[in-house]
Structure formats: structure tokens, C-alpha cells
Amino acid sequence: MENMENKEEARREGETPLKHGCQDLWTWNRRDRSPEVWLSGPGNRVVHFHPNWSKGTAGIRGTRILNNGRYYWELKLSQRVFGTSMMFGIGTKHARLHVNSFINLLGEDKNGWGLSHKGLLWHNGVALHYTKKFKENQSTTVGLLFDGIAGTLTYYKDGGCLGVAFRGLNEVNEPLYPIVCSTAAKTEMFLSECRRDFVNLQDRCRAAIVKRVKKRDDIPQLNLPPRIAKYLEENLCDSTAPLMPVDNFDMYMI
């Protein structure tokens, strides 16, 4: 019975990234934003895109510098999920935050890494299949887990892990920030949850271990306590199947 309870506790802990971390107090940057972005709510955590009508793509940058740490944040999307591209991810200060056309702005070049609501990952102008399209006109919660030690960015959708989306981010020398953008008029994103982990010896030990453990099925062979095993699995929740390039992108513009 005790063993079953330990397994259930470990499973619950794995469902919430950085559950044992602490609250992080960053918000959206009032200066680093498109003129088509308005902020409201406590701490300016609610982003309004194109409050009247949309003539292009608008974005905003967060105040948190992510490099070398572990951070998790959640975005609650209103029911107005539609349009050419609503995006969530990270970027440098060189990533554009406004353009007078409807494009996938975050990831258009080497300065951004983003996921669009069409289920595509974008970086350096290249799109990869990642997950299913978001259902239009249905509220959704998107979670992002940035691991600056392992150099990964992992997405969550409505509480479920979608897997590691980007790797090698620990090799980026410029400061990285959270960024969101949208082409759709009168859309909103609410920064509802912000947590951070402590960068310590435990994190660095895990990073060294997961480099040698290639899949989750290998972890039970290490005979570790359930909590430690689940701590390692946080970095191994992705599928081993490679992401596929997008051949016919026009169908995603509908």
C-alpha cells in the first residue's frame, strides 16, 4: 500500500512543473511591445492584442531574463483563439515585436523560438510539426518550461506535456525573454502562473544524468526513489520521434 501511495504521489508531482520551486514576480514589459498591444489587470499581466482591429502582427516581451535558470509560466488564452498566428515562446531583444502583415512573427529568424496555435514550431524561418491545431474559439492554457541548464524549452497544453520543443538554448549567448504575439483582433492572453527553480547542484546533477539516459523506460533500471525518478523524468517527457518539416504551409494559413 505504501509503495502504491509513493507512486501516486510521484505521478501527481510530475504533472506540475517546478511544483517545489518558488513564485516568480516578472510581468510584461510596457516599453518592449507593439503599439497594438495594451496591458491591464494586476501587475499588467493581461495582454490585449489589436483592441480595435488588426492590420498586422503584434507582440510583447516579458521582463524576465531566462538564461541559466529554470522557469515555468502559464498563459490563459480567451475563447478568441483564431487567425493566422497566435504565438508563445522566447526570443532575444532583436526579435521583432510588430510588423504590418500577418505572419508567424516569433521564430521568423534566428532571434526567436515559438509555437503557433496551428501546432507548428518556428525558429530561423523554419516550421516543424509539433502538435495538433488548437481548437478555435475555445479557451486554452499554454504552459512553457524553460530549462537553462539542459538548454530546452518544453510546452504544456491544458495540463498535458507536449514534449521538448527546442534544444541547445544553453548555447545562446544573448539574454532570452518570454514573448507572445498575435495577428488576431481583440485576443487576450493572461499570465496566470510564474514559478522558478533554484539553480543548484541538484539541477546540475540531473542535467548530467539525463544526457546519458535517453528515454523514460531506462529510469526504473536506476532503482531510484520515486521522487528522484520523477524529477529526472521532467526532462524526458518528450517523444523520441523526430519532428517533421512542413511541406505545404499554405494549408496552415487558413
Worksheet item: Taking all non-hydrogen atoms of both residues, which atom of Pro178 and which atom of Arg64 are closest, and how far apart?
Response: CD-O, 3.2 Å

Worksheet item: What distance do Phe134 atom CZ and Lys157 atom NZ have between them, rounded to the nearest 0.5 Å?
Response: 5.5 Å

Practice prompt. Can you measure from CG (Leu144) to OG1 (Thr154) and round to the nearest 0.5 angstrom?
Written response: 9.0 Å

Item to complete: Give a yes or no on whether the ring-centroid distance for Tyr72 and Tyr156 is below 6.0 angstrom.
Response: yes

Item to complete: To the nearest 0.5 Å, tell me how far Leu106 CG sits from Ser182 OG.
Response: 12.0 Å

Discussion item. Could you check whether any side-chain N or O of Tyr130 sits under 3.5 Å from a backbone N or O of Val164, counting only pairs where one atom can act as donor and the other as acceptor?
Written reply: no

Item to complete: Could you tell me which non-hydrogen atom of Arg45 sits nearest to which non-hydrogen atom of Cys194, and how far apart they are?
Response: NH2-SG, 3.9 Å

Practice prompt. Identify whether Tyr177 and Leu75 are in the same connected component of the hydrophobic contact network (ILVMFWY, side-chain heavy atoms under 4.5 Å).
Written response: no

Worksheet, complete the sentence: Closest non-hydrogen atoms of Arg96 and Ile103, given as atom of the first, atom of the second and distance, are NH2-CD1, 3.9 Å

Practice prompt. State, to 0.1 Å, how close Leu97 and Ile179 come at their nearest heavy-atom pair, and which atoms those are.
Written response: CD2-CG2, 4.1 Å

Worksheet item: Does a sphere of radius 6.0 Å around CG in Asn173 hold more than 12 heavy atoms from other residues, nucleotides or ligands, not counting ones at 6.0 Å or beyond?
Response: no

Item to complete: Give the minimum heavy-atom separation between Ile219 and Ala229, together with the two atoms involved.
Response: CG2-CB, 3.8 Å

Worksheet entry | Straight-line distance of Trp73 CH2 to Phe88 CZ, nearest 0.5 Å | 12.5 Å

Practice prompt. Would you please name every residue forming a side-chain hydrogen bond (donor to acceptor under 3.5 Å, both in side chains) with Asn52, sequence neighbours left out?
Written response: none

Worksheet item: Which residue, Ser54, Pro51, Cys181, forms the side-chain contact (heavy atoms from CB on, under 4.5 Å) with Glu36?
Response: Pro51

Worksheet item: For the residue pair Phe82 and Arg80, what are the closest heavy atoms and their distance?
Response: CZ-NH2, 3.3 Å

Item to complete: Classify the side-chain pair Glu136/His117 by whether it contains a donor and acceptor separated by less than 3.5 Å.
Response: no

Practice prompt. First locate atom CG of Leu120, then atom CG of Leu128, and finally report the distance between them rounded to the nearest 0.5 Å.
Written response: 8.5 Å

Item to complete: Might you work through the salt bridge (Lys or Arg N to Asp or Glu O under 4.0 Å) test for Asp24 and Arg195, ending with a clear yes or no?
Response: CA-CA 5 Å; Asp24 199 15; Arg195 291 196 296 273; over 6 Å; no

Discussion item. For Ser85 and Ser116, which I'm curious about, is there any donor-acceptor pair between the side chains at under 3.5 Å?
Written reply: no

Fill in: Atom pair CG/CH2 of Leu66 and Trp26 - distance to nearest 0.5 Å
7.5 Å

Fill in: His98-Thr57 side chain donor-acceptor pair, cut-off 3.5 Å
no

